[in-house]
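What follows is one structure encoded as C-alpha cells, with my remarks underneath.
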Number of protein chains: 2
Amino acid sequence: MKKISVIAFVLLMIVSPLPLFADDGMWTFDNPPRKQWKERYNFEPSDAWLEHVRLASVRVEGSSGAFVSANGLMMTNQHVASGQLQKLSTSERNLRRDGFYASTSAEELKCPDMEAHVLVSYEDVTARVQGAAKEGASDKENNEARNAQRAAIEKESTDKTGLRSEVVALYRGGEYWLYRFKKYTDIRLVFAPEEQIAFFGGDYDNFTYPRYCLDVTFLRVYENGQPLKTQNYLKWSAQGPTDGEFVLAIGNPGSTNRLLTLAQVQFQRDLGNPLQMQVWNSRREALLRYSATGPEPARRALNTVRSLSNSIKRLVGQQDGLNNQRMMLRKEQDEKALRAAVSSRPEFQQAYGSAWEEIANANRELPTYAKRSAFSTIAYSRLGQIASTLVRYSEEVGKPNEARYEEFRDSKLESLKFNLFSPAPIYADMEEAILASWLADAQQALGADDAFVRAALQGSTPAALAKSTVAGTKLGDVAARKALFEGGAEAIKKSDDPLIMLARRVEPIIRDLRAWNEEKIQSVETAAGQKIAAARFAVLGRNVYPDATSSLRISYGRVLGYEEDTTLVPYKTTYSGLYDRAVSFDEKPPFDLPQRWRDGKAKLDLSTPMNFAYTADTIGGNSGSPVINRNAEVVGLNFDSNIQKLPNRYWYVDEAEGGRALAVHSAAIIEALRRLYGAEKLAAEITGR
Amino acid sequence: MKKISVIAFVLLMIVSPLPLFADDGMWTFDNPPRKQWKERYNFEPSDAWLEHVRLASVRVEGSSGAFVSANGLMMTNQHVASGQLQKLSTSERNLRRDGFYASTSAEELKCPDMEAHVLVSYEDVTARVQGAAKEGASDKENNEARNAQRAAIEKESTDKTGLRSEVVALYRGGEYWLYRFKKYTDIRLVFAPEEQIAFFGGDYDNFTYPRYCLDVTFLRVYENGQPLKTQNYLKWSAQGPTDGEFVLAIGNPGSTNRLLTLAQVQFQRDLGNPLQMQVWNSRREALLRYSATGPEPARRALNTVRSLSNSIKRLVGQQDGLNNQRMMLRKEQDEKALRAAVSSRPEFQQAYGSAWEEIANANRELPTYAKRSAFSTIAYSRLGQIASTLVRYSEEVGKPNEARYEEFRDSKLESLKFNLFSPAPIYADMEEAILASWLADAQQALGADDAFVRAALQGSTPAALAKSTVAGTKLGDVAARKALFEGGAEAIKKSDDPLIMLARRVEPIIRDLRAWNEEKIQSVETAAGQKIAAARFAVLGRNVYPDATSSLRISYGRVLGYEEDTTLVPYKTTYSGLYDRAVSFDEKPPFDLPQRWRDGKAKLDLSTPMNFAYTADTIGGNSGSPVINRNAEVVGLNFDSNIQKLPNRYWYVDEAEGGRALAVHSAAIIEALRRLYGAEKLAAEITGR
C-alpha cells in the first residue's frame, strides 16, 4: 500500500498486481509472496518446504517457537518462557535470575501451564461466514450471525478432528479461515540462561541495536509422557547468516493496524494510545511500589514489570511514528489513493464507497466509552481474573455455543480450564497490592460516582476492599476454583467468596460496556472493514497481506545493517561487544554480567557473532520466531526490534528508515552452551554433532 | 546567556552576576571561571597551577597539543600531525598509512614546516585599540584606525621582546589583548600509529560516539638542535578518569559564533553555510575525481579529502542545529531578553540600542557579495596559493606596517616565510586537477561574464589554463619562490611565470571584494559588536566568555555518558569494542584493522579503556588538547565531538542534549605503545616509569 501515488494507483488498475517496493508483509501460508521471493531473491520454495517449516513452527505463550530436534526440543526466547520460569521459581530457587540446565531428561522441569500449538491444517471458510450476514439486517445482527457461524464451524471441526479449531478473521473481515492446531500441554524446561545475559542492558537496551542478548530458552515437548518424536524440526546452521543474506522468519505476530482507516489511526493516536499508556503506567507503578517493599516482592513482580516496561517503551515508539508528520502524511495519501481508485468506478463506489465514513462516524462515539471500558475490570490481579472468568463462564456456558462470548466457546474451553486450574503460585500480598492500586486508580480516573467504581467499592476504600477480599477468598486454592467451575451458575450465585461477590457486582457493568462496544463500534468496523478489504482486493488483486492477528505468518528480508546518526550500524554484533558494553559502564546494572560470564570470558571465542539485524516484517508475538535461511536451517532466533521499527504497527518501516528485526545469532547459542554452560549434550542434539 | 528568560534578566540586573546552568565556556586565562569551578566542583586552582598548564599547552597546525615530558615531548592528534606525516611520506614510505616510531632521537624525523606556539604572556590593550577610534569618523575609518593600532602594538612588542606578538580581538571587539608566544620551528616526529587505527571507522565514525580511535601522535620540540628542556610539561595519569570525574581541556578552539546576533546567525543558516557547503563539496569532488585515477593520486589527495569530509560532516551537524526550531527559538529569546534589558535603561539604550539593527542592515547587502567572494580565489591549489601570496605580499610590503592586510604585518612575516618556503612536496598533476576543477566550478557558479572568471581565463578553458599555468610555472621550486619574494614588487610585476601572471590578473578583483567586505560588513559588525559586547558586560558583568578565535582557552566539565534513542551511551569504550566493531562489519573498510592490531589482539588487555566522552565546551581547534584532572595530570587527549555537539558553534549543547567532547583515554595510549608498538622507551618517558 505504501508509496503508491494516486497516479500509480490508476496505472495499477491497468497493470496490476501491485509491485511492492520493500520486504514488507506478514504473509499467511495460504498466500505466500512467491512472486517477490522469486523476483528479488530467486527463491522458489516447494509446497513441501513450506509445509515443513509450518509444521516445525509453534505458537507458545502468545508468541513463537520452533522444533529444533527430532526429540521434541523446542527453541524460544527466554523472555517468552520467563512467565513459566517465574512460576517454576521459589524464593530459594530463582530460575529466572540464575538460569537452568537439565543434562538428563529426568532433570527436565514440567512447566505448570504452558501450551504449544502447531498449525496442522487450514481451510477457507469466507463464503460460509460472510454468507451468514443478511441483506437488510443491522450491523449488530449480522455481526452476531457471523460470530454464530464461526462458532458452529469451530465446533464441527473440533468434533470431527479432535483438534483445536479456530476461525480467524483476516483482512479485517475480508476473509475467514478455519485453522486446526495440534496442541501440546506437557512441556518441560531444558535450558535457560541467566536473565541478566538474556536481557542484558535491561529496559534501556530493550528495542535497541547494536545489542548483546542471549535471549534463548530450550524446552522439550512431551506426548504421552515421552519426548515428542517428530521429523518436522529445523536443522541448525552453525555459521549463521552472511551480510545481506536472504532470511525468513516464521511466527505469530500479535497485532498490526495497517489496514485501519485514517480515522481509526488518528483515534489511536489521540485517544486510544494515551489511554493505554495511562493503564500500563498505573499497573507498573503499582508493581514498582510493591517491589520496593523487599527482594522477594521484587522477584515476584519482576516478570510483569518487565513485560509492562516493554509495552510502554514500545507504545512510546509507536506514538513517535504517529506523531511523525511525514509518515502520517503517507498514510493519508495511501487512503486518498485507494478511495480515489474506488470512486473512479461507479460499481466500486456503490459497493464500498461509504465504508470510510461509516467508521469515522462510529469512532466519534468512542471518547466517552473508551475510558470506562479501560478501567472497568478487576482482571489485572490474577485472583480477580480468576473470579471474573468463573462468574462470566457460569453465565455464558448456559447459552448455546454460538451465542457465547468467543472465549467461552466449546473449542476454547480446554485451554480456558488449563489456565484457570494452573497450579502456578499466587502471592496474596501482591494480589492485594495490585487490586488496591488498581481500584484507587480507577476511582480517580472515572470518579467516585461511576457505576463500576460504586459497584466495586460499595462505599469502602480501595485498600480496605482489596484487603478484605484477598484475605477472604479461597480462589488461591485450585480445588476451590474447580468446585465453582463445576458447580455452574447456581454455585456462583450462592458463593459468599468475597472475590466472587466482587466479580458478580461489577459483571453487569462490564457486560453493558462490552455490548455497547460490540454494537456501536465492532459491528460497524467489521461490516465496513469487510467492504474496505473487498475494495482493496478489487483494486490491488490478492498480492496483499492481512494485518497480524496472532496467527501463523511467514516474513522475509535480508540480514542488513543501516545508517544512523551519519554512521553505519553493523549487521551483527559479537561477544567482544558484550564485554565492551559491560566494562564501558563499569558493569553498573543493568550492564552487569552474570558471574559465569565474568569468569568465563577467556573460554569464549570473542569474535563469535552474538546478535544480528534483519529487515523482515515482524512485531510483538514474533518473539521466539526461528530465523531461517533458504535451506530452512536456523540462522537465528528473533527476539526484538530496534526503536526505528516500532511504528510498524501502523506501517512497514523500510530498509532506508532503519527499521530492523533483531535475532540471537545461531553461533552465539552453540558457543555459549558449549563453552560456558557445559551443555555439550544439548549443543550436540541441536547441531546434530 | 542561554536559558535566561526576560524575567530572569530583569532579576539579574539586581542580583548579577549571571549564574550559569551548564559547563559551558571556552574561557581565557585572564578570566577563568573560578566561581563555577569552586561552586560546582570544589576546584580552586592557584595562579601557579594555571600558569603551569598554560605553559605546557601548545598551538600547533591551527590546533592544540601539550608537552608531556621534560625533554620536549609533545602530544597531539594523529589527524593534527597528518599534514606533516603526508609531507614526510613518499610513494615508498607511507607514514600516514603505516605509522612510525623512532626509538632513538637519531631516528626522529624533522617536520618540514610545523610551528609550535606557547603563550608566554598576555596583557589587556583594549583601551589603546578602542581609543584609536574617533567620534564622528566612519565605521570604515575607525576600523582602519583600530587595525593600525593593533599592528603598532604588535610591532612594538616584537621589537621589544623578540616574541611572536598578536593582538587578539575578544568578545567581537569588546576587548583586545596582546598575546606573546614563544615559537618553535624544529619539531620532529617520534611516534604515529597507522592511520587506520587513529581514524578507525573513517568518515562514518567521524563525529560519532561510541568510538574506537587511537588518534595520537608524539613529536619532540627541539631548540638549538637539542630536545627542549622544560619543566612545563603535564604528568600522566595511568588510570585515567572515573565516571563523572571533573576534567579540564586546554587548547585553541578555532571559531564559535555564539555572540552573533540573530540576524547574523540567520544569514549563516540561509546563505553563508549553504555557500560554504557548495565550496567544500566542489573541492572534495575535484580531489575524489583525481584520487580515482590511481593509488598514488589517492595517497596524495587523502589528507585534504579527509579534512574536507570532516568539515562537510561538521557543517551538516551545524545546519541541523540551526534548523532545530527549539534551539533557534532559544537564541531568539536570548537576544530578545538582552535587548529588553538594554532598552529598559535609557543610558544603555542610548549607547548600545542601535547595534542590532545596524548589523541586520549591513547583512542585507551580503547575498550579492557572498558568492563572488567565495569563488574568487585560486588559493585552493597550493601553487595558486603561493602565487597569490607572492603577488599580494609584493603590494602590501611597500605599505607602512599598520596599513597592511593583517597577515602581512611584520609580526606575521616570519611564519609567512616558513610556510611559503616549505620544502614539502607539491604534485603538479594534483595541482592541475585542483585548479582546473575549481575554475570550472567558479565559472559555473559565477557565470562566464563574471569579472574574476574573465580575468582568470582570458577566453581559455579552465582545463587548458590549468594545464598551461601549472606546466609553465617555476613555483614548485623553493628557490624560485625566494627569488620572487626577495625581488619585491618589481620582480613580481616583471615575472612571466604563468601562475604569477594568473595571480596578478585576479588580484585587483579579489582586493575589491575584500575592500567591499571590510567597509560594508566587517567595519559595521565590529563597531556594532563592540556595542553589544559592552551591553553584555553592562547587563551580565564579566562572568561571560568570548567567542573562540583560535586563541588559548580553558574548558571544563565531567566525564559522562548520556541517553540516546532511549538507551544509555557509556562514558567510555574499551579495546573489546574496537574488535567488536571491526568484526561486526567483517572488517570491511573503513572498519578494517591494521595488520599489527589484527595479529596483536591477544597481547592487549581488551578491558583497557580506549576513548571517553566528556561535557567540556570545545570545538574544532581543540583537536590535540590535553584533557587533565584537577592535579593537572593527563587523563586523555581530545580528538573530536559527537554529532549531537555540532550545533555548539552557535550555542553550547548541554549535558541533557547529549553534546560531548571525545578523548583518547590515557590508558589506551600506554597499553598500545607497550604491547603493540614495542615503544616501551616512549611509554616510560611519558609515564615516568
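In the text below, chain A, chain B and the rest are named by the order of the sequence lines, each starting its count at 1. The basis for the numbers below is simple: all heavy atoms, side chains too, and nothing from hydrogens, waters or symmetry mates. Every value quoted in this text rests on a predicted model; they were computed, and no experiment measured them.
Heavy atoms of A:Phe591 lying under 4.5 Å from chain B belong exclusively to its side chain. Contacts between B:Ser607 and chain A at a heavy-atom distance below 4.5 Å involve backbone atoms as well as side-chain atoms. Contact annotation for B:Phe207: neither backbone nor side-chain heavy atoms come within less than 4.5 Å of a heavy atom of chain A. Contacts between B:Tyr209 and chain A at a heavy-atom distance below 4.5 Å are absent for every atom of the residue. If you measure heavy-atom distances from B:Val569 to chain A, the contacts under 4.5 Å come from the backbone alone.
Residues A:Pro570 and B:Lys588 form no side-chain contact, since every pair of their non-hydrogen atoms from C-beta on lies 4.5 Å or further apart.
Considering every non-hydrogen atom in both A:Tyr579 and B:Ser576, the closest pair reads CB-OG, 4.1 Å.
Taking A:Asn642, A:Leu606, A:Thr573, A:Thr242 one by one and counting their heavy-atom pairs under 4.5 Å with chain B, the maximum is reached by A:Thr573. Of the residues considered (B:Lys601, B:Gln644, B:Lys313, B:Glu563), B:Lys313 shows the highest number of contacts with chain A, using heavy-atom pairs under 4.5 Å.
Taking CG from B:Leu568 and CG from A:Asp205, the interatomic distance works out to 8.0 Å, rounded to the nearest 0.5 Å.
A side-chain donor-acceptor contact under 3.5 Å links B:Thr567 to the backbone of A:Tyr204.
No side-chain donor from either of A:Asp580 and B:Tyr575 sits under 3.5 Å from a side-chain acceptor of the other.
At a threshold of 4.0 Å, the pair B:Asp586-A:Lys572 counts as salt-bridged, since one of the basic side-chain nitrogens sits closer than that to a carboxylate oxygen.
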